[in-house]
Structure formats: C-alpha cells, structure tokens
Amino acid sequence: MEHILQQMPIVLRSLNAGFLQTLKLFFVTGLGAIPLGLVIAFGSMSRFRPLSVLTRLVVWVVRGTPLMIQLLIIYYFPGIVLHRAIWGGGEAGRFLAAAIAFIFNYACYFSEIYRGGIQSVPAGQTEAGLVLGMTRPQIFFRVTLLQVVKRIVPPMSNEIITLVKDTALARIIALQEIIWAGQAFLRGSNGIAGALWPLFFTAVYYLIFNGVVTLALERLEKRLDYFR
Amino acid sequence: MKKTLILITALALLLSLAACGGGSGGKSDSSDKAYVQDKGTLVVGITDFAPMDYKDADGQWIGFDADMAKAFAESLGVEAEFIEIDWSNKVPELENKSIDVVWNGMTLNDEALEAMACSNAYCENAQTVIVPAEKAGDYATEADLEGLVFAVEDGSAGEEQAVALGNEYTEVLTQADALLEVRSGTSDAAIIDLQMANAMVGADTDYADLAAVMNLNSEQYGVGFRKGSDLCQALNDFFLASYEDGTMQQIADTYGIAVIDQTAAGK
Amino acid sequence: MAFLDVKGIRKAFGGTEVLRGVDLTLEQGQVLSLIGSSGAGKTTLLRCLNFLETPDAGSVSVNGEVLFDAAGPAARREADIRRRRLHFGLVFQSFNLFPQYTALQNVALAGKLLAKEEPEFRGRKKQLYRDIDDRARQLLEQMGLADRLDSYPHQLSGGQQQRVAIARALALQPDILCFDEPTSALDPELTAEVLRVIRGLAQRRTTMVIVTHEIAFAREVSTQVAFMDGGVVVEQGPPEQVIGAPALERTRRFLESYMSS
C-alpha cells in the first residue's frame, strides 16, 4: 500500500497524459462522425440507386469488419502497399490516422441509427410541411430533425459510451492512450516495473468519464421531453 | 441472385487487397540515408525497455540504445526522435516509414535478419529462465525444466527457446507480462532477455520475488533498418568508430552493459 | 370557367388505377363534399389537388390559372409546384401537427418561412413576423383556442389538435381549403366541435372541398355534393339532389348501406 502511494504521483502524471489522448480521440471522433453519419445516412436513403447501393456496401464492410483491422489498414496501407508514407512517424500522424479510422467507423454506425430515426418520423410530417409550401430542406431542418434527434438519443447514448471505451483500440497503432500508459508500468516505465495496479486504475478514469457522458446525455433526453 | 452478387463483390475486394499486399516486396529505390537527412529526423522505434531505452525523471528517453541512437543521429546531422511502437509491428512500422530504425535491444534471430537490414551485433544477450525466487534451488540443469509451463513474449527469442525445449508455453504480449504470469502463478516460469532480467529480476529490483536460474543460449543484439537501407552500413561504420574512440564503452559503462568488440564484428 | 376546374384526372399506383378520369367544378365560396365508399378515390383526388401525388393525366386550374397540366412540360418540377400548391390548403385526417412546436408556432411557422422570400425581408423581418404571429393568434382565437396558444400538441385533445390544424391551413390564406376526413380520427363528442368550426367557415363563404363520411353533415353544410365510385365522379349536384333524391342506382345503394350501418 505504501508502495502504491509512492508510485501514485508518477503513475497519475502518466495516466493523465494518456487520458488526454483518449479524450482528444473521443471528442474528435464525435465531432467528425456525428455530421458525417448524417451524410452517409442520406447516401444510403438516396433515390439514386447506385449511390444508395454503394453507400450501403461501404457501411456493410465498415460495420462488418473489426475496427482494429481498419486502424491497421488505414495506418499501414499507404506506406507499405502504396509506398507513400502519408502519416509520418510522430504522434500527430498516429493520432490523425486513428481519428480518421474512428470517425469513419462510427459515422457508419451512426448513419444506421439516423436512418432508422428518420424513417420512423411519420410521412404525414413531411406532407404537412409540403402542403404548407415548405422546401424539402426546410422540412428536414425545421420539422423532422428535432423529432429524429429525440428518437435517436437513447441508441446514440449506447454508441457514444461504447466509443469512450473503444478509443483503447487505437493503441494497436501505438497511439499512447490511457491503457497504453497503464500497461507501460507493467513493462517498466519511469522506474516502475511489474506494477499491475496502474492498468486496473485506468478503469476509474473510464468510469468517471462515462458517468459524466451519461449525465450529459440524460440531460439532453430530458430537455427533449417537452414534446412527444 | 443478390446474395451471390454480394459474395462475388466481397471476394473481389479481398483478392484485390491481397494482390496489392503481394506487390509490397518493398525495395528502396533511392538512398535511405539521403531520405533521413532530407527530412532532418531519424525516427527511432522503441519500447520502454530498461536499460536500453527508458525515460528519465524529466520524461527524456535515455538508456544505452537511446544514447547511441542520439549519437548516431548527430553523426548524420539529424535529430533523433523516439517513438514507442508495438513491438510485434516493428517490420510494418519500418516499411510504412513511420519509423526509420528499430533500436531496442533487438535479438538478431533468423526472423529479424530475414525481414530487416540488420547492423553488426553490439551486445551479448541470452534467453534466461525466470522462476519464483523460493523455488530457484530446484532448477540446476535443463532436465529440471521438464513439465514446466512457460510464459513467453509472443514472437520473441524466448518463444523459440520454449519451442526448442518442447515444453508447453503461453504467449503473452510483452516480456513484463511473462514475468507477471510467473508472479501470479498462472505460469510456472518465464523465458526473457538476460539484459532485461538483469535490470528487473532478483533482489533489490521490481521483481524481487523472482529469480533468473539459467541461460538457455547465447545471442546478440543488433539494430534493424528497412531492407536494402544504406543506413545499415553507416551505422556499422559509426559503431566501429565509436568503439575505437571509446565513446561506446563510456556509454555502456553508464548503463552497466557489456559491448561486443566492433573491430572483430561483421564476420 | 369555374373557380376550380378539375379535368380528366387519372392516377394509377403500380397496376391499379385509382382515379380513372375525374371531372369536377366548384364556384368560389361554395362547399363541395366528396362522398363514397372507401377506395373510391376520394383521398387520392384530394392529394392530387395538393400535389402530394402527381396525376398521370388531366389538369387542375384555379381562378383561370392552370396549376397543373400533365401534358405541360414543367408539371413535375418541385420548385414550380411549391408556390402553386399554396392555392390549396389541406387538413389531414390525423392532424399531422408538428409535435415540437406550440399551437401558435404550428400556425405561424410556414408563414415565417415564406416571409423570407419577400423582398427586403431583412429590413422588415420584425414587422413581418409580428403580423404573422398576430394573424396566427387571431385564427386560433377564432377556433376557440385563445387559451391554448402555448400548448404543445400532445397537451391538446384530438378535437383541439384538429382545430389547430385548420388554423394552420388557413394561415396561408389558400383559395380552396381541403379536408381529408377531418373527424374520422376523433371520438364522437370531439367531432361536434370540429364540425362546428367547419360550419362557421362555410358561413363565411370559405371555398372548401371536404372528404367526409358524415352524410348528415355533408348535406347540411355543402352547396355541392359529389358521389365518387370506382375512381370517377358518378354524380354531382346540390345536396338535396344527390343525397336527398339521387338520380343513380349506385348512389342510392351507397346511401342506403350507409344509413343502415
């Protein structure tokens, strides 16, 4: 116990740095995937069949393969197969590659949730808008969107909480997020080796952060409670 | 009909991916040294591995390998940049040009020599057996190891030794995980690098409850570059020069490493 | 030429022809009730008038202006349709109020969006919006909803929701207001309040086309009744004629089965 107290400041500094990467990846993915998912959802619902078929094929591939493999392909494919090292060797390149893989992967999951949400809004809403002389974009943004948002908050909450934990996968391309930082003390880092507790302790970070995310999403759900 | 179409498309996709992968028999068409000097940094792929590469209290990378890498980079007129990698991905990292060199107490085994351009050996190493300290007395000869379940790092030189012994073994992600297996009793013994064992196992170390009992072989550490890289020869020249002027020995003394005579190397 | 002139409207879904050449006329200030059994094509006709369906053939004109002509070139262009459909208003069977807006916002929304297309909108925005809100408030008061302006749809009864929907359709001052079975989603005690509102509109000489199953109400409120069967208008005329003394056997049989049920 005394041992752990001595190690605590060193471990916490390292875990905090790792968690910063985790948070960065989480927020960048969210900011990118939430709008991109909408674009993909529209693609998959397009009345232009080649576009909708292609979009659905891409979504099927992305959802049907492990994110870990996608990370490896996005990071290593350009340099090894195409002989164009586009990511560089630094942390920034690894982060960018991870962010792109995460954004694309999560956008595909989100797009299916959006699609379900959009299709669950009764056709009568659109018809009412049309009859009142609204344009299609006006109907989408003024009438449909908020109803879609209300419907998708619960399934989106699930995905977002999964995303918090999925960020750990980025360590496959050596992005030094919090689990990497925790594991480092097993191998030996900063003069501490063979310590398992920092790895277990990372769970506390996830737990607290997911608590905050859950509360925020619950508040959003409450705020949309004013209509049915 | 639709399903067949999907299947065919999926197959075509996989094949084209495989075809692309087949074409990756990379050959550097221009000088790797020029490439590194052009961008001004030598990106060194490492893991946190005392005493070869590890962080000091300020978070700077030090260790025998790290200090040598810095000196080598300086001789090229570039900066050394250290990047922690997943050890099992070291070859893809090189080919991907996300690192320029693997410099992290790498055992010169057949696989390494096959996949990379490897420098002359600079340090003696061995694979050593680790058991709980209180049982250390039970193991004197290789025959005593019979029936033990080993923990080894996946793809490591230690794994080769476990295969050679013919014992049952478990593959884990890192050598430290292998030590943890022994400590927690999930494996009977571990096989790890002697250099690492010297730093981490035994009295007054992090694993005081474990002990190294015997070496299974003798092997050597080297540095890995992309296949066909001219940096390899540059490093051999640098090793020779720094051995002769004593700087290599000086750095080795700092970290308690025994280096190999570079004037006799390369044979 | 009549105020509303519908000629030869045909509409098929897949292989089924739902409208087989509908002709209709209506003068300004008159109320036309469309009656007939389910599947006769009444609702489809109403949806064609409001451009929710595009007829395969035929034409629609209002006050001499051709709004739709299947033979014309630009018949299907959405941008063209949008302005033209404002000649009609439509009240749905299931209200279709926007759930996230209050009664007042439901009534005012479309007007505010259209106001953006007005010349010099930026400078006059405040004034335009105030006028639109005032008119929306007036309409809701006229519907007997003065105390429910800020209620959300789910806080209103079915009858109240339908009255908001009527106010919403009236807000854009359509030439012709259409009702698609406005009371069939309502309990009997709520039906009366909606019918009362429609009766009031008829007295104020609002031109209306009403698809309804309330034969007694149709007879009372309409100036014209059209009986549809099998995708065509079989008989059109004043209610006392079509309902009171139908000329055709088909009409008589429908009315008899209707009265007995």
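Chain naming here is simple, since letters A, B, ... match the order of the sequence lines and numbering starts at 1 in each.
- Put simply, of C/A110, C/C178, C/P99, C/A169, the one with the most heavy-atom pairs under 4.5 Å next to chain A is C/P99.
- Proximity to chain A (any heavy atom under 4.5 Å) is shown, for C/L90, by both the backbone and the side chain.
- C/N96 contributes a side-chain N or O that, together with a main-chain N or O of A/G124, makes up a donor-acceptor pair within less than 3.5 Å.
- Taken to the nearest 0.5 Å, the CG atom of C/L114 stands 7.0 Å off from the CD atom of A/Q138.
- Heavy atoms closer than 4.5 Å to chain A are found in the side chain of C/L86, but not in its backbone.
- Within the model, atoms CD of C/Q155 and OH of A/Y226 stand 11.0 Å from one another, a figure rounded to the nearest 0.5 Å.
- Looking at C/K116, only its side chain comes within 4.5 Å of chain A, counting heavy atoms on both sides.
- Interface remark: A/E127 contributes backbone and side-chain atoms alike to the contact with chain C (heavy atom separation under 4.5 Å).
- Looking at A/T135, both its backbone and its side chain come within 4.5 Å of chain C, counting heavy atoms on both sides.
- Side-chain N or O atoms of C/Q100 include one that pairs as donor or acceptor with a backbone N or O of A/V143 at under 3.5 Å.
- Heavy atoms from other residues, nucleotides or ligands lying under 6.0 Å from CZ of A/F104 number 12 at most.
- Remark: the backbone N or O of A/G133 is paired with a side-chain donor or acceptor of C/R82 at under 3.5 angstrom.
- Within 6.0 Å of the CZ atom in A/F200, the count of heavy atoms belonging to other residues, nucleotides or ligands does not exceed 12.
- In this structure, C/R124 places its CZ atom where more than 12 heavy-atom neighbours from other residues, nucleotides or ligands lie under 6.0 Å away.
- The environment of NZ in C/K112 is crowded: more than 12 heavy-atom neighbours from other residues, nucleotides or ligands sit within 6.0 Å.
- Side-chain contact between C/F98 and A/R142: absent, with no pair of heavy atoms (C-beta onward) separated by less than 4.5 Å.
- Annotation for C/E117: atom CD counts as buried by contact number, over 12 foreign heavy atoms lying within 6.0 Å.
- In this structure, C/R85 CZ and A/L130 CG are separated by 5.0 Å, a value rounded to the nearest 0.5 Å.
- For C/F95, no part sits under 4.5 Å from any heavy atom of chain A, backbone or side chain.
- Contacts of C/R83 with chain A are absent, with no heavy-atom separation under 4.5 Å from either backbone or side chain.
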